[in-house]
Protein chains: 2
Amino acid sequence: MELTQIYECFCDRTRLRILHLLAETPLCVCHFQEILGEPQVKVSKHLAYLRSRGMVETKQEKNWVIYSLPEQRGRELEANLKCLQDCASGDPEFKRDLRALTKLRRRDEPSVAIACC
Amino acid sequence: MELTQIYECFCDRTRLRILHLLAETPLCVCHFQEILGEPQVKVSKHLAYLRSRGMVETKQEKNWVIYSLPEQRGRELEANLKCLQDCASGDPEFKRDLRALTKLRRRDEPSVAIACC
DNA sequence: CATCTGTATTCCTGTATAGGCATATTGCAA
DNA sequence: TTGCAATATGCCTATACAGGAATACAGATG
């Protein structure tokens, strides 16, 4: 994956929030909708953008599509994801997202990524 | 500086090469032209882009304009610049740029950033 | 089959950029 | 002053998104 492609994926706030969440756990579209508070189209399009660039992978689970970070990540992607996590730790919005995720996981325990919505 | 703004600056190869060089030393426009092998307009415009976003600072030195990274860098910028340096170390083009810089500095010693071209 | 749910896509409009060419600008030197 | 060197800017065209509205599609369920 080209370095600039990584940064192209990173240069939108919604996509950053998505990737930040995915660093924590795989998620389906409706989870993103709920946590980010963004309309379905917007979320879906950004996910498509990320997928078209190999930044995320998908897996069909019944009616849902589960997004996750790729299993195999290049050195550069790995470094930048780590850097993002570091930067995110000081940002109120990212922290809020993480709290929302935690609450949602507690609610849906134990099968988060399956019976997701 | 907003995190996404950093990534917007990072998502063009020419700008990445510029920033990678600036992490080493301040430089004037014609140095960039020479090292990058890109036309003056292109270099100048990318530098203007970076300056308009506070990613670089300038200083007039006689007939030349010396560009440098800002003295004060936020935590996020610092982290991402470091990450960029790390990623660049494995990229042939970035390495070539660095070699070209070294050669140019040797040639222009000792007053690199002054009698620059 | 009919329908519902979750997700993707198409069409549209507005905005941002990339990069080239020509030209402007600024400071210095003869 | 005239001219040159270094740099910036305006105008142009092509391309890429962002985001909303409406619609399509696919799988599950009744």
Sole residue of B/Leu36, B/Val56, B/Ile18, B/Leu16 in side chain to side chain contact (heavy atoms under 4.5 Å, CB included) with B/His46: B/Ile18
Nucleotide nearest A/Lys45 when distance is taken to its side chain, options D/dT7, D/dA18, D/dG19: D/dG19
Over-ring placement of A/Arg17 relative to A/Phe94, 6.0 Å and 45° cut-offs: no
Given C/dG19, C/dC21, D/dA18, the nucleotide with the shortest approach to the side chain of B/Lys42: C/dG19
A/Glu38 CD to D/dG20 P, straight-line distance once rounded to whole Å: 8 Å
Nearest-nucleotide pick for B/Tyr67, side chain only, options being D/dA8, C/dT7, D/dG19: D/dA8
A/Asp12-A/Tyr49 side chain donor-acceptor pair, cut-off 3.5 Å: no
Rounded interatomic separation in angstrom, taking CG from A/Leu50 and C1' from D/dC17: 13 Å
d(CZ, B/Arg13; C1', C/dT17) in whole Å: 19 Å
Distance, rounded to the nearest Å, where B/His31 contributes NE2 and D/dA5 contributes P: 17 Å
Phosphate OP1/OP2 of C/dT7: any A/Ser44 side-chain N/O under 4.0 Å: no
Distance-only donor-acceptor test, B/Gln40 side-chain atoms vs D/dA6 base atoms, 3.5 Å: no
Annotated protein contacts, base or backbone, on nucleotides 25-30 of chain C with a non-hydrogen cut-off under 4.0 Å, one of B, S, - each: --B---
B/Lys82 bridged to A/Asp86 by N-O distance under 4.0 Å: no
A/Gln60, CD atom: more than 12 neighbouring heavy atoms under 6.0 Å: yes
Length of the line joining B/His46:NE2 and C/dA16:P, which is rounded to integer Å: 17 Å
Given DNA chain C, 5'-ward residue of the pair B/Pro39 and B/Arg53, judged by closest heavy atom: B/Arg53
Distance, rounded to the nearest Å, where A/Glu8 contributes CD and D/dC17 contributes C1': 11 Å
Option among B/Leu101, B/Val65, B/Leu47 that satisfies the side chain to side chain contact (heavy atoms under 4.5 Å, CB included) test with B/Leu27: B/Leu101
Sugar-phosphate only, base, or nothing, as touched by A/Arg15 at under 4.0 Å among non-hydrogen atoms: sugar-phosphate
Nearest-Å distance for atom pair OH/P, residues A/Tyr7 and D/dC17: 18 Å
Selection from C/dT17, D/dA22, C/dC21 that lies nearest to any side-chain heavy atom of A/Val41: D/dA22
Verify same cluster id: B/Val41, B/Tyr67 (apolar side-chain graph, 4.5 Å): no
Touch class at under 4.0 angstrom, heavy-atom based, for B/Val65 against every strand present: sugar-phosphate
Length of the line joining A/Leu47:CG and C/dG6:C1', which is rounded to integer Å: 13 Å
